Amino acid sequence: MSYISKVSGGGSKVQHVKDIILQSNPLLEAFGNAKTVRNNNSNRFGKYFEIQFSFGGEPNGGRISNFLLEKSRVVSQNSDERNFHIYYQMLEGASAEEREVFGITNPDYYSDLNQSGSFTVEGTDDKKDFSETLGAMDVIGISPEVKQTVLQIVSGILHLGNINFVENGNYAAVESEDFLSFPAYLMGIDTEKLKEKLTSRKMDSKWGGRSETIDVTLNVEQATYTRDALAKTLYSRLFDYLVEAINKAMRKNIEEYNIGVLDIYGFEIFQKNGFEQFCINFVNEKLQQIFIELTLKAEQEEYVQEGIKWTNVDYFNNKVVCDLIENKVNPPGVMSILDDVCATMHATGEGADSTLLQKLQAALSTHEHFNSWNQGFIVHHYAGKVSYDVSGFCERNRDVLFNDLVELMQSSEYHFIQGLFPENLQSEKKGRPTTASSKIKKQANNLVDTLMKCTPHYIRCIKPNETKKARDWEDKRVRHQVEYLGLKENIRVRRAGFAYRRAFEKFLQRYAILTSETWPHWRGDNRQGIMHILHSVNMDSEQYQLGRSKLFIKAPESLFLLEEMRERKFDSFARTIQKAWRKFNARKKYAEMREEASNILLNKKERRRNSINRNFVGDYLGLEERPELRQFLTKRERVEFADTVKKYDRRFKITKRDLILTPKYIYMIGREKVKKGPEKGVIKEVLKQKTEINNIVSISLSPMQDDFFILHEVEYDILLESVFKTEFLSQLCKRFKEIKNSQLTLNFNNTLDFKVKKEGWGGGGQRQVVFVHGSGDLAVLRPSGKALNVSIGEGLPKNSRPNRQSLMQNAGHGQRAGHPMKRDVQNTSGVKYSTPNIRSSGQRSNKISMRGPVAAPSNNSQRGPTYAQPHCRRPSMELPQRPNQGNSKRNRPAPAQTNTDFMQVPEQGTAGMKRRDTVNKIPEPGQGRKKKAPPPTPTGRCCRALYAYEAQDTDEISFSLGEVIKIIKEGKENFFVYNEYWRKWTFLFASLSESIFERE
């Protein structure tokens, strides 16, 4: 759950569901887990957690189904075990005010906690865990009032366990009435009513058409049972409320996809195994049966149905044990006999348990997986023999809460407690009351139905020891678990079987893309289409079999081959789609850029006929491959525009410069011949000028179609000529606005003045460029003193705009030869170039995953009862004084010597013997890959391997220790060797050969 929460995305609502999913675990562990002799944090309930996902794979809901809470732990625990964690957390973490209100003291005071003599767990901080439990309640949405009431009920159950009974004239009487006040106060009920309902109850008798109510006084045993039944029911219904609160916080109206996680107690064997262990082991038998059905039986039956060459692998099927427990008739199972005994049971006591044992012996004595002994019976489970003590079986199975106790709880001052008991006592009950065994049998079968609809994945936990310590390994115990879990049989079936199977139609649908003949549709017979695909990838015929309706592939590597080639096909198609999409977007983008650039000169300057619809490239110098120019730029500096331009000096002499525009600077790079040093005479690039964009004052242009423009700076100006002036001005205006948050000034006039830089003895002064209309599209230059006369023909009108349709068609086609269009890349020097790549690129693109989500079907369970919010007012009675422990004779018993024989590996019994017979029976191998014949003995010059080597590449060979390999050719530096087994040759360096081989 933590992994799913971290890897999935989503907004605030999804995050809230994630928090609930994560926080539900510590909350349910506090109320449903306990320390046992085998596990310090053992689940004492079963949980099936469904995490629901949206179509986008985001966890947006969930549902928890719980079953078989070990309620008996509330009132009794075995030696060296603890009650549920929440009791010890509350005793350690409660505030001073809560300790006073709830009557909290040390755990030795409470009879429900001091039976085992174990109060702490090594490595567990109960105080910290209590804080986390309360925090989890906040995340789930439980209000502070409800939290207070929940803790109040938990405390009330503890105080209820301190009420003891003594015999008074064959009837039960409360030993010390001081212990009645606190549980009555915490549960908001009257003290006298509590006393009355614990020592007596009303019975309805019917004679003919008349009914009569009789008050019956209980004996000590019955009163103790009544007290414990009330405590167990209160705790169980409180636990159900917490589960329902979590479900309510995660509930959503529509189910899309879900993943189910089953977290359940494992097979249990204790010193004394009672009704709870019987139910737990029954559920484990059902789950083991699913494992057998899905992994062993179903797989082998499928091979037979499909006509695949196959030799059956024998295994032990535990269905016979499940039938022994849950059968209804012929012969009846243990649970059916137990329910019949409880139906005729009129009182608690050993009499009913003895009757149960007698009926079990009579009905099941001949069953090979059943034995009886003087105090109970033995079942030969798949995990071993377990002896069950029938003492208390009938009482715990009947699980009856008398109407008197329901009426007592409904009289509580707290609406929350009233909501835990929604029964309608006035309705007439018909039929046999539901027993605990029938409930768990129904829940187990519903769980099996849910799991059978899904695709299950198993996590088999192997317990290495019983000491609860790291690095302690008990070989016998581990071997026993591996055997009874059916792992050996499963591995044997998997090894001999096929890793992949798929219906013909689905296989063709998935892999038709591999060949042009089968894509997009195969028109012929499905078998021929499949064979065509398999032949196209050169799959070995021994690696697959065709059944009646499915294809079976043996080795996972063969499947990986198909998947890899399929991914390559999709990758190729994806790159084609991406190429077309990027080309379309680039065309659209650069059409918009040209429109924006043309707006700069709109109605101000005539346009050239061949330039108005041309493509913008940006980098016309090919800087990606010219490090001699990139050296003048700073690291990671982006290039907006780069081109070779003409620069005019004071005498209007033309000099070529490489102009580079970046987000902050304009670089002017020229070339000079080295005059000194070893590189004398070599022409090298020189940075002539570096101008900050924010130092540019304005730009001047003529209104004609010429390519001249003047960059005006504070000290001097620069006269330039570029055929790509519009693109340069567009980028420069954008960068100027980004830096100074204002528009760059553009001046248009037929006469342009500019200042020249002072050089040597010559002064700076002014120069002038005069533009006049002439003929032709090429400018004619006539220098005259301090003026340059430019004559050029008339161009397109000033209001000309680029044609949008022609822009989209022409985009992606460069105008100048030798200037390839560059992509926006990050080169090795760290300089980033913002130039598009319109032409096709051979670069590998991201893959598109064509796999859709697969959902496991869910089983909609009915909603649980609706619980009322607690009444906020305090009870009318005053806070009673907690009685001293000495007032009660039910003090902590002396701890008995613990018998740890039950911790040993159990006898395997009949099930183990049958399983061992099937494991030891060696089956014939399945029809898989034929083994290669042993390699022939090489002749001629040979060498022997001094150690084994596994080939790491396709041009290498593998060899084992001591293998003889033939030398084909030997040289001074290397020699060639040939492996007869793999039919491959390679060469080895002579310097390494002595360390690898020795001559024969």
Side-chain angles (χ1 to χ4, degrees), residues 20 22-36 39-45 47 66 69-77 80-162 182-183 186-187 231-232 234-243 245-246 263 416 468 870 882:
I20 295 174
L22 293 177
Q23 293 300 319
S24 65
N25 198 52
L27 178 60
L28 294 183
E29 281 191 358
F31 283 85
N33 286 25
K35 175 200 172 186
T36 66
N39 191 341
N40 289 341
N41 188 32
S42 174
N43 282 10
R44 309 318 299 165
F45 71 104
K47 176 177 67 175
N66 68 294
L69 176 71
E70 190 185 20
K71 297 185 294 183
S72 62
R73 185 168 292 271
V74 176
V75 296
S76 64
Q77 309 90 39
D80 200 29
E81 294 190 351
R82 293 206 314 177
N83 209 319
F84 292 103
H85 292 328
I86 184 61
Y87 291 115
Y88 308 93
Q89 293 179 7
M90 184 179 65
L91 297 184
E92 290 292 330
S95 63
E97 180 182 357
E98 290 173 337
R99 299 181 73 86
E100 181 181 358
V101 174
F102 298 155
I104 293 177
T105 181
N106 59 75
D108 194 53
Y109 171 80
Y110 303 100
S111 299
D112 288 344
L113 302 182
N114 63 17
Q115 303 172 28
S116 65
S118 178
F119 303 122
T120 60
V121 177
E122 183 180 356
T124 299
D125 188 346
D126 290 320
K127 186 175 183 179
K128 178 183 177 183
D129 292 345
F130 183 66
S131 178
E132 292 179 357
T133 301
L134 297 182
M137 291 185 182
D138 293 332
V139 172
I140 290 166
I142 297 178
S143 65
E145 293 81 6
V146 174
K147 283 199 300 183
Q148 199 75 359
T149 308
V150 168
L151 298 179
Q152 198 167 307
I153 294 174
V154 173
S155 302
I157 295 173
L158 280 180
H159 287 284
L160 187 65
N162 281 350
F182 234 104
L186 293 173
M187 287 182 271
K232 291 188 290 186
L234 265 173
Y235 193 89
S236 174
R237 298 194 180 190
L238 180 61
F239 186 80
D240 291 339
Y241 164 79
L242 295 176
V243 173
I246 296 172
D263 185 9
F416 181 84
K468 306 178 187 177
R882 183 179 65 246

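A quick note: this is a predicted structure, and the numbers were derived from the prediction, not measured.
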- Apply the side-chain contact (heavy atoms from CB on, under 4.5 Å) test between Leu28 and each candidate in Thr133, Asn66, Val243, Asp263; give the one that qualifies. Val243

- Is a donor on one side and an acceptor on the other found under 3.5 Å between the side chain of Gln115 and the backbone of Ser111? yes

- Task: Look only at the side chain of Gln152 and the backbone of Leu186, and say whether a donor-acceptor pair between them is shorter than 3.5 Å.
- Result: yes

What distance do [X] atom [atom1] and [Y] atom [atom2] have between them, rounded to the nearest 0.5 Å?
{"X": "Arg44", "Y": "Phe84", "atom1": "CZ", "atom2": "CZ", "value": "8.0 Å"}
{"X": "Lys35", "Y": "Glu122", "atom1": "NZ", "atom2": "CD", "value": "9.5 Å"}
{"X": "Asp126", "Y": "Tyr88", "atom1": "CG", "atom2": "OH", "value": "9.0 Å"}
{"X": "Thr105", "Y": "Leu158", "atom1": "OG1", "atom2": "CG", "value": "11.0 Å"}
{"X": "Leu27", "Y": "Ile86", "atom1": "CG", "atom2": "CD1", "value": "8.0 Å"}
{"X": "Tyr235", "Y": "Arg73", "atom1": "OH", "atom2": "CZ", "value": "10.5 Å"}

- Note on the structure: Here the pair of heavy atoms bringing Gly161 nearest to Asp112 is CA-OD2, 3.5 Å

- In short, Met90 meets Ile104 closest at the heavy-atom pair CG-CD1, 3.8 Å

Do the non-hydrogen side-chain atoms of [X] and [Y] ever get within less than 4.5 Å of each other?
{"X": "Leu91", "Y": "Phe102", "answer": "no"}
{"X": "Gln148", "Y": "Glu98", "answer": "yes"}
{"X": "Tyr87", "Y": "Tyr110", "answer": "no"}
{"X": "Asn114", "Y": "Phe119", "answer": "yes"}
{"X": "Val74", "Y": "Leu234", "answer": "no"}
{"X": "Asn25", "Y": "Lys47", "answer": "yes"}

